[in-house]
Engineer: 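Quick one: structure below, then a few questions.
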Amino acid sequence: MTEMLLTPAGFERLNGEYARMCVERARLVGRVRSALDSGGAIPENGEYLDARHELALLERRMRLAEERLLGAEVVDPLPDGEVDVGERV
């Protein structure tokens with residue numbers, strides 16, 4: 001896990017994005033389950049395959065965000081007008 005320097009605002013933004021992805025994941029899991037309940041063979045069930053693909057992509061983004069949050073070091077921006085690592089210009 002690599003350390004990542006984030007401003008307090010950047011940390012909150014990343015944390016909020018992670019929370020939104022958790023809600024989206026719950027929606028996609030429901031979509032996968034309903035696609036399975038609709039019947040049909042799995043190789044022929046396009047709705048199921050599409051929902052599984054979306055879920056896999058979302059879970060990858062969630063893992064990346066979680067790694068960044070766990071490795072984040074929150075630093076205050078420098079007040080002297082200089083730009084440092086992790087600051088937004």
Engineer: Output the distance between atom CD (E66) and atom CG (N15), rounded to the nearest 0.5 Å.
Structural biologist: 11.0 Å

Engineer: Taking side chain to side chain contact (heavy atoms under 4.5 Å, CB included) as the test, write out the residues that go with L36, two or more places apart.
Structural biologist: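 For L36, the residues satisfying side chain to side chain contact (heavy atoms under 4.5 Å, CB included) (neighbours in sequence not counted) are I42, Y48.
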
Engineer: Does E12 have any side chain to side chain contact (heavy atoms under 4.5 Å, CB included) partners at least two apart in sequence or in another chain, and if so, which?
Structural biologist: none

Engineer: Got a sec, which residues hit salt bridge (charged side-chain N to carboxylate O under 4.0 Å, His left out) with R52, two or more places apart in sequence or on another chain?
Structural biologist: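 By the salt bridge (charged side-chain N to carboxylate O under 4.0 Å, His left out) rule, R52 matches no residue at all.
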
Engineer: Among the clusters formed by ILVMFWY side chains lying less than 4.5 Å apart, do M21 and L57 turn up in the same one?
Structural biologist: no

Engineer: For R20, give me all partners under salt bridge (charged side-chain N to carboxylate O under 4.0 Å, His left out), at least two apart in sequence or on another chain.
Structural biologist: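 By the salt bridge (charged side-chain N to carboxylate O under 4.0 Å, His left out) rule, R20 matches no residue at all.
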
Engineer: Going by salt bridge (charged side-chain N to carboxylate O under 4.0 Å, His left out), name the residues that satisfy it together with E24, two or more places apart in sequence or in a different chain.
Structural biologist: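 Testing E24 for salt bridge (charged side-chain N to carboxylate O under 4.0 Å, His left out), a comparison that skips the adjacent residues, returns R27.
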
Engineer: Say whether, by atom type as modelled, one donor and one acceptor occur between the side chain of N45 and the main chain of A35 under 3.5 angstrom.
Structural biologist: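 Checking the backbone N and O of A35 against the side chain of N45, a donor-acceptor pair under 3.5 Å is found.
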
Engineer: Taking only residues two or more places apart in sequence or in another chain, which ones pass salt bridge (charged side-chain N to carboxylate O under 4.0 Å, His left out) with E17?
Structural biologist: none

Engineer: For R61, which residues count as a side chain to side chain donor-acceptor pair (under 3.5 Å) partner, sequence neighbours excluded?
Structural biologist: none

Engineer: Give the cluster check for Y18 versus V74: same hydrophobic cluster or not, with ILVMFWY residues linked at side-chain heavy-atom distances below 4.5 Å.
Structural biologist: yes

Engineer: Output all residues satisfying side chain to side chain contact (heavy atoms under 4.5 Å, CB included) with D50, sequence neighbours left out; order by chain, then residue number.
Structural biologist: R31, E54

Engineer: Run the side chain to side chain donor-acceptor pair (under 3.5 Å) test against E59 and tell me which residues pass, sequence neighbours left out.
Structural biologist: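 E59: side chain to side chain donor-acceptor pair (under 3.5 Å) contacts with R25.
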
Engineer: Measure the CG-CD distance between L6 and E73 for me, rounded to the nearest 0.5 Å.
Structural biologist: 9.5 Å

Engineer: So, taking the atom named CZ in R60 and the one named CG in L55, what distance separates them when rounded to the nearest 0.5 Å?
Structural biologist: 14.5 Å

Engineer: Does L49 share a hydrophobic cluster with V32, counting links as ILVMFWY side-chain heavy atoms below 4.5 Å and allowing steps through other members?
Structural biologist: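 L49 and V32: one cluster.
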
Engineer: Once you round to the nearest 0.5 Å, how far does CG of L14 lie from CG of L69?
Structural biologist: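 Nearest 0.5 Å value for the CG-CG distance: 4.0 Å.
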
